[in-house]
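Note on naming: letters A, B, ... go to the chains in the order of the sequence lines (proteins, then strands), and numbering restarts at 1 for each one.
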2 protein chains.
Amino acid sequence: MHILLLISKKTHKPFPIETTENIFEHFEQYIKLSDKLKAELKDKLHVVTFKKGELVLDADQISTKSYFIRKGILRTYFLKDGKEVSEYFCSTNEWINSPRSFMQRKKDIYYIDAIETTEAFSLHVNDLVYLFDHFPEMERYSRLSMGTIFGHLMERITSMRFASAKEKYAHFCETYHDIYHRIPLGMVASYIGITQETLSRIRAEK
Amino acid sequence: MHILLLISKKTHKPFPIETTENIFEHFEQYIKLSDKLKAELKDKLHVVTFKKGELVLDADQISTKSYFIRKGILRTYFLKDGKEVSEYFCSTNEWINSPRSFMQRKKDIYYIDAIETTEAFSLHVNDLVYLFDHFPEMERYSRLSMGTIFGHLMERITSMRFASAKEKYAHFCETYHDIYHRIPLGMVASYIGITQETLSRIRAEK
DNA sequence: CAAAACATTTGACATAAATCAAATAATCAT
DNA sequence: ATGATTATTTGATTTATGTCAAATGTTTTG
């Protein structure tokens, strides 16, 4: 009876397998990973899971861990006039943290929560600093991968400025083509900076 | 006669003094500069000047140089429906290039021009790559300084989404508090994503 | 220094999207 | 499953900002 229950639970939320393959592949898009660095990474990365709706980071905490998502969706948001404003969404093979908080080790306004049940690797900021200090190629990885994100931010700024609500939504769907349909309407609306009602009408007219 | 002419030209556009002090100070906010690295930088940095209104980079060129501004203002913009849209402005002690073009060595949509007569150091992308390859601390500098810019971009995105035209202008003035009054109204309007007329009315009502 | 070119202001009007309010629809917890 | 939350849709109205047009002001150039 108990055993069966356990199995059924496992089926629902399987115990995560420690595969670092995906994350190694991710790094290798930018740098070559030596065996020594691989071993260090394996040592420093830890598997974590978050249930749907779970708060991953509270705004009154310092963000000390970065999460590399294997499955699921996490999101950063902040509060404006008591309402949640989504800042961005992250899914498979992406890193998420509260950037300024993580980099400068101070509090910031951002919360992180789980839009779906999510499996991820966590990396502590202290371990990352250790890696930066001992493996210059990690600095290079950081520089190059930030360049990619940089481009995304610039495009987003452009799309925010001269686009109609409909165009903003279209741009959102492009940016998040893999997951846009898994994000609740209200969160999408605040992400692109329009009201829920307007977004609902845009979706209806198609 | 020729000599006099030459002198008078010089007076108008003085021959720049090769002081690398400011730029060294800038680097030293993030990393320690060894004498060897200083020497390499001195060798690779070149003084350039641009006259007011001069085109620094055309969109049909690849951006192969980054400019560290000593004096003046440069700006990146792109064309939308035949009109210039200002992307950002850079002034004293800031780097400017066409980011994606520079990093990926391909064409992009951005132009760069001089809002004021500007003196700057130029650094060729090939020389920068050389520095990255031989001085890991340059990778670190890049990572850390990008973090700063990252924060600015995030704030800009936030201000674009939920702010009124008036608030957007206020945010622009904050961001560019040193130089906001030196940038023509039309350029400011396209930067914050409102029309010239609206900005003119906002300025008038105070 | 005057004419031309360009930048900013002002006015009248149009419109996309916000706001307020209430009805459905979907999801969650017991 | 069923009632209770929570999310989405729909409708009526308001408002900030855009658009178009023209006047005024400023800078540039021969």
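The two residues B:E137 and B:K32 have their closest heavy-atom pair at CG-O, 4.4 Å. Across every non-hydrogen atom of B:S142 and A:R143, the tightest pair is OG-CD, 3.0 Å. Residues A:Y30 and A:L144 approach most closely at CD2-CB, 3.5 Å, considering heavy atoms.
Direction change of the helix axis from one end of the helix from C:dC1-D:dG30 to C:dT30-D:dA1 to the other is 60°, with five pairs defining each end axis (rounded to 10°).
If you walk DNA chain D from 5' to 3' and mark each nucleotide with an atom closer than 4.0 Å to a heavy atom of chain B, the marks span D:dT17 to D:dT28. First and last contacting nucleotides of DNA chain C toward chain A (any atom under 4.0 angstrom from a heavy atom, 5' to 3' order): C:dA17 to C:dC28.
Judged as a ring-ring contact (aromatic ring centres under 6.0 Å, His included), and not counting sequence neighbours, the contacts of B:F68 are B:H26, B:W95. Under the side chain to side chain contact (heavy atoms under 4.5 Å, CB included) criterion, B:A59 pairs with B:Y111, sequence neighbours left out.
Contacts of residues 173-186 of chain A with DNA chain C (heavy atom under 4.0 Å): none.
When heavy atoms are screened at a 4.0 angstrom cut-off, B:K168 is found touching no nucleic acid atom at all. In this structure, B:L199 reaches neither bases nor backbone, as no heavy-atom distance under 4.0 Å exists between it and the strands shown.
For the salt bridge (Lys or Arg N to Asp or Glu O under 4.0 Å) criterion with B:E119, the lone passing option out of B:K51, B:K71, B:R70 is B:R70. Put simply, the residue from B:T92, B:I115, B:D178, B:T117 that forms a side-chain contact (heavy atoms from CB on, under 4.5 Å) with B:I73 is B:I115.
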